[in-house]
Amino acid sequence: MSVEARLELEALDAGAELARFISGRTEDGAVVSFTGLARKRGGDGNTVERLRLDWHPVMTERSLIELAEATAGRFGVSDVLAVHRAGEIAPGETIVFVAVASPHRRQAFQAADYLMDRLKTEAMFWKHERGSSSGRWIEPTEQDRADRARWSD
Amino acid sequence: MSVEARLELEALDAGAELARFISGRTEDGAVVSFTGLARKRGGDGNTVERLRLDWHPVMTERSLIELAEATAGRFGVSDVLAVHRAGEIAPGETIVFVAVASPHRRQAFQAADYLMDRLKTEAMFWKHERGSSSGRWIEPTEQDRADRARWSD
Amino acid sequence: MIRLSISFYGEIADRLGRERVMAFAADDITVGEIRAELAQQDEAAAVLLKPQIRAAVDSRVVGDEASVKAGQEVVFFSIVSGG
Amino acid sequence: MIRLSISFYGEIADRLGRERVMAFAADDITVGEIRAELAQQDEAAAVLLKPQIRAAVDSRVVGDEASVKAGQEVVFFSIVSGG
């Protein structure tokens, strides 16, 4: 079992990450990935010009590693990869890429779903949306908290 | 909403498919993908040298399109892509790639999960595993049928 | 009399071959009658009487009551599995 | 007397700045006491008294009872959100 989690300050290339993750893989039949993209429209309906993710030099990457490890342990999947952007992000760019490999698909789907729910509410980022005239801080939504609460821990 | 489903007789490049699928996407925050890989070890535990997927010249691709459309309609997601290999496949090669884009992640996860359950049991392929000494036809497992039965239709 | 091209997919192709061209005395015939006729001619074809072996005519999945005319393509196929 | 570097992450950084260096009279001090001290000095810092503003000392998330010594880094942060 291998777990890789890292912070990416430059562009995150989801296609290349997936290609690398599946390369040479002959034991696992199933790879589920999640790609989170920066949306042009913010939670308040206004156009987003720039998303900024602040991060802490130590705690942020550590939170990614801990969440990826918790995921691998809980679902007994083969490998977990989590790559998360930080800094300034334009609409359409990839914010987060998560991939899980498993011999069977059910566990891979569940693990990726779980990891995303935890990243949304527990990864140590502070997210700020800037529109043409104003900015606002983004916190996990009620839906994010409800999604997280589906898992008993 | 756009639905794309196609049969691939040559190599299927999951990384390139994902890169193309997310490119220029600024309305959808969530892309879930599933990549199915040919495993070295068969369902009976023996080493697989070659997987062969037989297909029908008309019905197979149509079944992919119908399943992708049913998925898009059921979950109201933005876009669905399904690419399925046919012919001779070596261990480690990609058999199927599915991607779903949606404004929110819950629907994207559910739609990809649903589409895979239906592809496993309803896509019109006939799958044959060849080992060093013998061959066998692969049918959906009990687990595949149970997974399919989770969805009420 | 009609001549039909009948093809087989999946496990049944191992027993029956990929394709047969067959002649039938009638002007049309149902899918169920084709199954019965083949099973009578050929011991291996008894598998066609099992309900999990489905049929298609001109690339549409049909039931045993479907009638087949000259020039139509008949397919019998074993359980499918994708992904 | 100790001098501490205190940094702020998330929404509270808009009100309090990214970092402050502060001196305290005691040799050690708890996180809770730091919150109270800051809130007294600065009206905007009253936000630090809210329970959703968490604290970390030397990159470990801690409770208000945690004690801080010279040379340690203190972080206060608003609600986190990834993905």
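In the text below, chain A, chain B and the rest are named by the order of the sequence lines, each starting its count at 1. The basis for the numbers below is simple: all heavy atoms, side chains too, and nothing from hydrogens, waters or symmetry mates. Keep in mind the model is a prediction, meaning the values are calculated, not measured.
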Enclosure of [X] [atom1] (heavy-atom neighbours >12, cutoff 6.0 Å):
| X | atom1 | answer |
| --- | --- | --- |
| D:Gln72 | CD | yes |
| D:Gln40 | CD | no |
| D:Arg20 | CZ | yes |
| D:Arg3 | CZ | no |

For side-chain contact (heavy atoms from CB on, under 4.5 Å), just list the numbers for D:Phe77 and A:His56, CA-CA rounded to whole Å, side-chain angles, deciding distance to a tenth of an Å, and then say yes or no.
CA-CA 10 Å; D:Phe77 58 99; A:His56 182 275; over 6 Å; no
Residue, of [options], that accumulates the most heavy atom pairs under 4.5 Å with chain D:
| options | value |
| --- | --- |
| A:Phe125, A:Phe34, A:Trp55 | A:Phe125 |
| A:Met116, A:His128, A:Arg62 | A:Arg62 |
| A:Glu122, A:Arg85, A:Met59 | A:Met59 |

Where the side chain of A:Trp137 meets the backbone of D:Gly10, is there a donor-acceptor pair that is under 3.5 Å apart?
no
At a 4.5 Å cut-off on heavy atoms, which part of [X] comes close to chain D: side chain, backbone, both, or neither?
| X | answer |
| --- | --- |
| A:Ile95 | side chain |
| A:Arg136 | neither |
| A:Met124 | both |

Would you mind checking which part of D:Arg54 comes under 4.5 Å of any heavy atom in chain A, side chain (CB onward), backbone (N, CA, C, O), both or neither?
neither
Which class fits the ring pair D:Tyr9 and A:Trp126: parallel under 30°, tilted 30 to 60°, perpendicular over 60°?
tilted
Side-chain touch A:Asp54/D:Arg18, heavy atoms, less than 4.5 angstrom
yes
Determine the option with the most heavy-atom pairs under 4.5 angstrom with chain A, choosing from D:Ala56, D:Gly83, D:Ser78, D:Ser81.
D:Ser81
Looking at D:Val80 and A:Thr121, what are the two nearest heavy atoms and their distance?
CG2-O, 3.5 Å
